[in-house]
Amino acid sequence: MMAHPHKKAIESMPSSALIGIIEESKMTYVRENLSIFLHESQVKMLKQVKKHDKPHHKRIRVKQFEKAKKDDLFNLHLGLYLKKYQKLEKIGLIEIDLEPDNGLEYDCHLTSKGFEVLDEISELESDWENVVGINDEDNEVLKKLALNSFEISYKHKKKQGFIF
């Protein structure tokens, strides 16, 4: 069997580049096998809608919206995000409430089709793990790295002026 043509290049890459290759592979596998066409950003936004529907995250978003309204760029950001969410609404994955009674400018909720697609994405991500050969030992290393990495993102999000 011949060696993969990129083997030497991959052997000399730093960890950060390897992580990027792994993430790109997972997203490519999911998108190629998903029953509907979604852009990478749409897959991520769909996951965000589910996350943002949790009461804890909703409370944080309400607080952040109050701060953000004072920013001049708020309406521009609001419009840009709303357009992206409207594309997901158009294909029946989410519903947008433009007049929620929870302190937000708008709120999004998954439809039953949205939940189905998210379930399909989860299944495909699990399939991908098997395809690339992630074992229990690898998973423990990944958990350790994720825990060490999480603080960086968490601190940044906490400092952010607003969360959509």
Side-chain angles (χ1 to χ4, degrees), residues 16 18-132 134 139 142-143 145-164:
S16 58
L18 297 172
I19 291 165
I21 289 170
I22 293 166
E23 176 60 28
E24 183 181 358
S25 166
K26 181 189 73 160
M27 186 59 76
T28 300
Y29 183 87
V30 167
R31 291 183 61 224
E32 279 188 350
N33 293 288
L34 199 57
S35 61
I36 65 169
F37 175 81
L38 290 178
H39 293 284
E40 182 175 343
S41 62
Q42 291 175 311
V43 171
K44 290 177 180 177
M45 285 188 90
L46 199 57
K47 289 180 176 186
Q48 285 288 79
V49 171
K50 182 178 181 182
K51 177 181 168 184
H52 286 168
D53 224 14
K54 294 177 182 172
H56 167 73
H57 287 276
K58 200 159 300 261
R59 284 193 303 273
I60 291 170
R61 287 178 59 232
V62 169
K63 284 181 191 171
Q64 298 297 53
F65 263 115
E66 288 306 312
K67 287 184 208 167
K69 284 180 189 175
K70 297 171 186 150
D71 188 307
D72 291 340
L73 294 175
F74 176 74
N75 286 326
L76 174 67
H77 285 287
L78 186 67
L80 291 173
Y81 275 92
L82 203 48
K83 278 186 178 145
K84 290 177 182 183
Y85 284 121
Q86 285 167 335
K87 287 180 182 179
L88 290 177
E89 184 178 47
K90 191 174 183 179
I91 56 176
L93 300 180
I94 68 168
E95 290 176 347
I96 301 172
D97 181 356
L98 293 173
E99 295 179 8
D101 59 3
N102 58 13
L104 295 172
E105 293 290 317
Y106 64 88
D107 209 356
C108 302
H109 305 284
L110 292 169
T111 61
S112 57
K113 182 179 175 183
F115 278 109
E116 286 172 22
V117 170
L118 271 180
D119 287 345
E120 186 183 354
I121 289 167
S122 292
E123 285 175 32
L124 289 168
E125 288 173 342
S126 288
D127 292 348
W128 170 84
E129 289 176 19
N130 292 326
V131 169
V132 299
I134 295 175
N139 202 34
L142 291 169
K143 285 178 187 175
L145 294 172
L147 195 56
N148 293 343
S149 302
F150 184 75
E151 276 308 303
I152 295 168
S153 319
Y154 185 74
K155 285 177 184 172
H156 172 72
K157 287 175 184 173
K158 229 174 160 178
K159 282 192 310 192
Q160 258 183 336
F162 35 85
I163 297 172
F164 289 92

- Item | Pair Lys113-Glu116, salt bridge (Lys or Arg N to Asp or Glu O under 4.0 Å): steps then yes or no | CA-CA 5 Å; Lys113 182 179 175 183; Glu116 286 172 22; over 6 Å; no

- Item | side-chain contact (heavy atoms from CB on, under 4.5 Å) between Lys90 and Lys87, worked out | CA-CA 5 Å; Lys90 191 174 183 179; Lys87 287 180 182 179; 5.5 Å; no

- Side-chain touch Arg31/Phe37, heavy atoms, less than 4.5 angstrom: yes

- Note, Leu110 side chain near Leu46 side chain (heavy atom, < 4.5 Å): yes

- Considering residues, nucleotides and ligands other than Asp101, do more than 12 of their heavy atoms fall under 6.0 Å from its CG? no

- Message: I want to check something: taking the side chain as every heavy atom from C-beta on, are Trp128 and Thr28 in contact at a cut-off of under 4.5 Å?
- Response: no

- How about Glu151: does its CD atom have over 12 heavy atoms from other parts shown lying under 6.0 Å from it? yes

- Message: Quick check: closest heavy atoms across Val30 and Leu124, and the distance to 0.1 Å?
- Response: O-CD1, 3.6 Å

- Cation over ring, Lys26 on Tyr29, under 6.0 Å and within 45°? no

- Message: If you apply the rule side-chain contact (heavy atoms from CB on, under 4.5 Å), what do you find for Asp107 with Tyr85, and how did you get there?
- Response: CA-CA 10 Å; Asp107 209 356; Tyr85 284 121; over 6 Å; no

- Task: Show the numbers, then the answer: is there a side-chain contact (heavy atoms from CB on, under 4.5 Å) between Ile121 and Lys47?
- Result: CA-CA 10 Å; Ile121 289 167; Lys47 289 180 176 186; 3.9 Å; yes

- Item | Pairwise distance CD(Glu123) to CG(Asp127) - rounded to 0.5 angstrom | 7.0 Å

- List the steps and the verdict of side-chain contact (heavy atoms from CB on, under 4.5 Å) for Leu38 and Val117. CA-CA 10 Å; Leu38 290 178; Val117 170; 4.1 Å; yes

- Query: Does atom CD of Glu125 have more than 12 heavy-atom neighbours from other groups under 6.0 Å away?
  - Reply: yes

- State, to 0.1 Å, how close Val132 and Ser25 come at their nearest heavy-atom pair, and which atoms those are. CG1-OG, 4.3 Å

- Is there a side-chain contact between Leu93 and Gln42, using heavy atoms and a 4.5 Å cut-off? no

- Item | By side-chain hydrogen bond (donor to acceptor under 3.5 Å, both in side chains) - contacts of Lys44 (at least two apart) | Glu40

- Note on the structure: Rounded to the nearest 0.5 angstrom, the NE2-CZ distance for His109 and Phe115 is 10.0 Å

- State, to 0.1 Å, how close Ile96 and Glu89 come at their nearest heavy-atom pair, and which atoms those are. N-OE2, 3.0 Å

- Query: Any side-chain heavy-atom pair from Glu120 and Ser35 closer than 4.5 angstrom?
  - Reply: yes

- Student check: side-chain heavy atoms of Leu82 and Leu98 closer than 4.5 Å: yes

